[in-house]
Amino acid sequence: MNITRENIDELNAVVKVDIAKEDYSSKVEKVLKDYRKNANIPGFRKGHVPMGMVKKQYGKAVLVDEVNKLLQDALNKYLTEEKLDVLGNPLPKEQENFDWDSETYTFEFELGLSPQFEVSLDNKEPITHYKIVAGDEMIENQVKTIQKQYGKLVSKETAEEGDQVTGTFKNEEEGIDAKATLPLDKIKGKKNKDKFIGAKAGDVIKLKTKGLFEDEHDLMEFLQVEHDKAHDLDVEVEFTVSEVNQQELADLDQELFDKLFGKGEVTSVTELKEKIKEDAAKQFEQQSDQQLLNDVTEMLIENTSFDLPKEFLQKWIQTAGEKELSAEEAKEEYEKSEKGLRFQLIEGKLIAEHDLQVKFEDLKAFAKERIKEQMAQFGQMNPDDKELDDIAARILSRQDEVKRLSEQLMNQKLLELYKEKVNLKEKEVTYEEFVKEVYQ
């Protein structure tokens with residue numbers, strides 16, 4: 001067997017593989033002998049079918065199969081030994097007058113080569129690293145939410161603004177029969193809200209579902225209808241009131257503080273607000289870091305210039321998926337994915353140059369931290385190490401979880417690299433300011 005390569009240019013090459021009879025003949029003979037041992041052909045005892053008949057019936061198929069196996073193994077070995085960094089997979093070139101009856105074969109493959117380029121983290125214009133904090137309004141709203149959550153309901157005769165009304169939504173034609181406790185501040189529009197003001201047990205209120213709630217998803221919860229149905233639901237429903245309650249807010253006292261944070265951890269409203277602010281900052285940190293990753297990614301793509309084997313990649317995309325694409329479809333798909341491909345190459349170079357490895361010990365520790373965070377959300381604040389080890393072992397036994405956590409850990413390592421090397425400027429903003437500045 002002989003393998004040669006012709007470099008068309010810096011990004012494209014053709015590999016030629018010559019296969020002679022001595023490369024495959026022994027393999028073909030061995031397979032045919034095994035076929036002969038097990039062949040069941042009428043008129044012959046098992047294992048005594050003439051080899052000529054076996055070759056006539058199976059010879060061509062076995063030959064094609066063995067040559068293709070040999071070809072694939074040789075090509076993979078060649079790419080590895082030559083340390084060729086290729087994009088996509090080698091594409092076989094069409095050959096006219098190819099003859100399987102010949103004893104020697106020549107195959108050619110097109111290669112798309114990865115470009116050579118340099119990546120610099122030295123940006124002149126600083127990138128904004130947002131420090132997101134809770135504003136006064138958000139903190140006050142959170143205090144009110146806590147007071148409502150730990151407060152109590154007081155029964156009333158008639159409903160007023162801000163009350164909760166319990167009752168049943170009905171529409172026989174749509175199969176709606178749903179009991180619901182409805183905070184009146186979720187109702188949209190003065191006309192709808194006015195129907196509830198003064199309502200008492202036994203009253204029947206007629207309502208249109210379209211535009212009934214501030215959030216359309218509330219239709220799913222209160223009327224117990226599916227998402228797709230809720231989106232377009234425009235019918236009249238009857239709401240029969242069964243009770244009216246007023247939400248009495250919990251007092252902001254030491255008993256509430258101890259219930260929320262542990263005995264003596266918070267002793268005043270000022271400390272409560274500071275705690276809310278600290279907790280919010282931790283939650284917002286993930287969004288801030290994700291935005292920084294996005295912004296550095298954009299900077300690197302913009303500042304790192306290199307060519308790609310565009311025509312090769314479009315041809316490869318045509319046959320890479322389950323369904324073969326037309327040339328036009330492949331071109332469109334390439335244009336959509338080019339930016340992502342460029343960053344994959346940039347990211348790969350950064351990982352190699354800065355030796356950012358995901359070792360199993362790091363991955364296990366990372367998984368355990370994620371598990372601890374999730375357990376804390378359900379009140380399990382101090383799980384023992386054995387329990388964490390057991391859960392981590394179960395998670396890391398699944399390939400999809402290993403892939404997902406590895407990607408998260410690598411993103412964390414890249415983020416640490418960016419914070420150390422990239423020119424950043426910190427900017428403190430409230431969450432509302434962050435949303436307005438970044439997303440709008």
Side-chain angles (χ1 to χ4, degrees), residues 10-11 13 76 79-89 111-132 281-282 284-310 313 337-373 392 395-396 398-428 434 438:
E10 290 183 352
L11 298 172
N76 290 339
L79 295 178
T80 302
E81 288 178 350
E82 293 291 312
K83 297 179 180 176
L84 288 177
D85 194 0
V86 298
L87 301 177
N89 292 319
L111 302 181
L113 304 178
S114 186
Q116 299 296 311
F117 59 93
E118 297 298 323
V119 181
S120 172
L121 293 172
D122 183 19
N123 53 311
K124 291 179 182 178
E125 281 293 318
I127 290 175
T128 302
H129 184 203
Y130 293 96
K131 182 182 178 183
I132 308 171
K282 288 176 186 174
F284 294 145
E285 190 176 351
Q286 187 175 355
Q287 280 180 278
S288 172
D289 284 347
Q290 185 57 56
Q291 187 59 40
L292 179 60
L293 276 173
N294 294 345
D295 290 341
V296 174
T297 296
E298 289 295 329
M299 179 273 289
L300 288 170
I301 292 171
E302 188 177 331
N303 293 353
T304 311
S305 178
F306 54 83
D307 292 326
L308 289 169
K310 183 177 175 180
L313 288 169
S337 60
E338 182 184 354
K339 199 171 182 180
L341 174 58
R342 286 182 177 279
F343 186 67
Q344 279 182 17
L345 294 171
I346 293 168
E347 187 180 65
K349 197 165 186 69
L350 285 172
I351 289 168
E353 287 181 352
H354 296 275
D355 196 26
L356 303 180
Q357 300 177 34
V358 173
K359 297 176 183 175
F360 183 76
E361 295 79 13
D362 297 336
L363 191 61
K364 183 180 176 182
F366 183 72
K368 286 168 70 173
E369 281 302 312
R370 288 288 179 270
I371 295 163
K372 278 175 71 175
E373 288 170 8
I395 290 173
L396 296 176
R398 301 201 300 269
Q399 193 173 353
D400 59 332
E401 284 296 317
V402 170
K403 182 175 184 290
R404 184 179 67 84
L405 288 169
S406 295
E407 287 173 355
Q408 288 181 4
L409 181 53
M410 183 53 73
N411 274 344
Q412 190 179 88
K413 287 177 178 288
L414 285 166
L415 188 63
E416 289 167 3
L417 175 70
Y418 297 158
K419 286 180 178 179
E420 180 189 347
K421 302 285 187 184
V422 174
N423 180 13
L424 305 176
K425 64 173 181 181
E426 189 175 274
K427 183 176 183 181
E428 185 173 298
F434 172 76
V438 171

For this session: With side chain to side chain contact (heavy atoms under 4.5 Å, CB included) as the test, would you mind laying out the steps for Leu292 and Lys419 before giving the verdict?
Result: CA-CA 9 Å; Leu292 179 60; Lys419 286 180 178 179; 4.0 Å; yes
For this session: Kindly indicate, with the supporting measurements, whether the criterion side chain to side chain contact (heavy atoms under 4.5 Å, CB included) is fulfilled by Leu113 and Leu87.
Result: CA-CA 6 Å; Leu113 304 178; Leu87 301 177; over 6 Å; no
Exercise. Run the side chain to side chain contact (heavy atoms under 4.5 Å, CB included) check on Leu350 and Lys421 step by step: do they pass?
Worked result: CA-CA 12 Å; Leu350 285 172; Lys421 302 285 187 184; over 6 Å; no
For this session: In sequence, state the C-alpha distance, the side-chain angles, and the governing distance for Met410 and Leu356, and then conclude on side chain to side chain contact (heavy atoms under 4.5 Å, CB included).
Result: CA-CA 7 Å; Met410 183 53 73; Leu356 303 180; 4.0 Å; yes
For this session: Determine, step by step, whether Arg404 and Glu401 satisfy the salt bridge (charged side-chain N to carboxylate O under 4.0 Å, His left out) criterion, reporting the C-alpha distance in whole Å, the side-chain angles of both residues, the deciding distance to 0.1 Å, and the verdict.
Result: CA-CA 5 Å; Arg404 184 179 67 84; Glu401 284 296 317; 2.6 Å; yes
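Once rounded to the nearest 0.5 Å, the distance linking CG of Leu345 with CZ of Phe117 reads 5.0 Å. Separating the CG atom in Asp400 from the CD1 atom in Ile395 is a distance of 10.5 Å, to the nearest 0.5 Å. Note that CD of Glu369 and CZ of Phe366 are 9.5 Å apart. Values are rounded to the nearest 0.5 Å. To the nearest 0.5 Å, atoms CD1 (Ile346) and CZ (Phe306) are separated by 4.5 Å. Here the CD-CG distance, from Gln412 to Leu405, works out to 11.0 Å after rounding to the nearest 0.5 Å. Rounding to the nearest 0.5 angstrom, the gap separating the CG atom in Asp289 from the CG atom in Leu415 is 4.5 Å.
Take Asn294 and apply the side-chain contact (heavy atoms from CB on, under 4.5 Å) test, not counting sequence neighbours, and it matches Gln290, Gln291. Residues satisfying the side-chain hydrogen bond (donor to acceptor under 3.5 Å, both in side chains) criterion with Lys282, sequence neighbours excluded, are absent altogether. Residues that satisfy the side-chain contact (heavy atoms from CB on, under 4.5 Å) test with Glu82, not counting sequence neighbours, are Arg5, Tyr78, Leu84. The side-chain contact (heavy atoms from CB on, under 4.5 Å) check on Lys368 picks up Lys364, Asp385, Leu388, Asp389, Ala392, with sequence neighbours excluded. Residues passing the side-chain contact (heavy atoms from CB on, under 4.5 Å) test with Gln357 are Asp355, Lys359, sequence neighbours excluded.
For Glu10, the CD atom sits in a loose shell: 12 or fewer heavy atoms of surrounding residues, nucleotides or ligands are nearer than 6.0 Å.
The heavy-atom pair separating Ser114 from Leu11 by the smallest distance is C-CD2, 4.4 Å. When every heavy atom of Lys124 is checked against every heavy atom of Asn423, the shortest pair comes out as O-ND2, 3.2 Å. For Lys413 against Asp362, the heavy-atom pair with the smallest separation is NZ-OD2, 3.9 Å. Residues Pro309 and Gly112 share a closest heavy-atom pair of CG-CA, 4.0 Å.
At least one donor-acceptor pair under 3.5 Å links the side chain of Ser406 to the backbone N or O of Val402.
Taking the side chain as every heavy atom from C-beta outward, Glu347 and Val119 never approach each other to under 4.5 Å. Inter-residue side-chain proximity for His354 and Leu121 is flagged as met; some heavy-atom pair is nearer than 4.5 Å. In this structure, Leu424 and Tyr418 have side chains that are not in contact, with every pair of non-hydrogen atoms separated by 4.5 Å or more. Side-chain atoms of Val296 and Ile127, non-hydrogen and from C-beta on, do get closer than 4.5 Å to each other.
Between Glu373 and Arg370 there is a salt bridge, with a side-chain nitrogen of the basic residue lying less than 4.0 Å from a carboxylate oxygen of the acidic one.
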Could you pull out every donor-acceptor pair under 3.5 Å between side chains of residues 297-304 and any protein atom, sequence neighbours left out?
residue : atom : partner : partner atom : Å
Thr297  : OG1  : Leu293  : O            : 2.7
Glu298  : OE1  : Lys339  : NZ           : 3.0
Glu298  : OE2  : Lys339  : NZ           : 3.2
Thr304  : OG1  : Leu300  : O            : 2.7

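Note on ring orientation: taking the six-membered ring where Trp is involved, the planes of Phe434 and Tyr130 are perpendicular (angle over 60°, cut-offs 30° and 60°).
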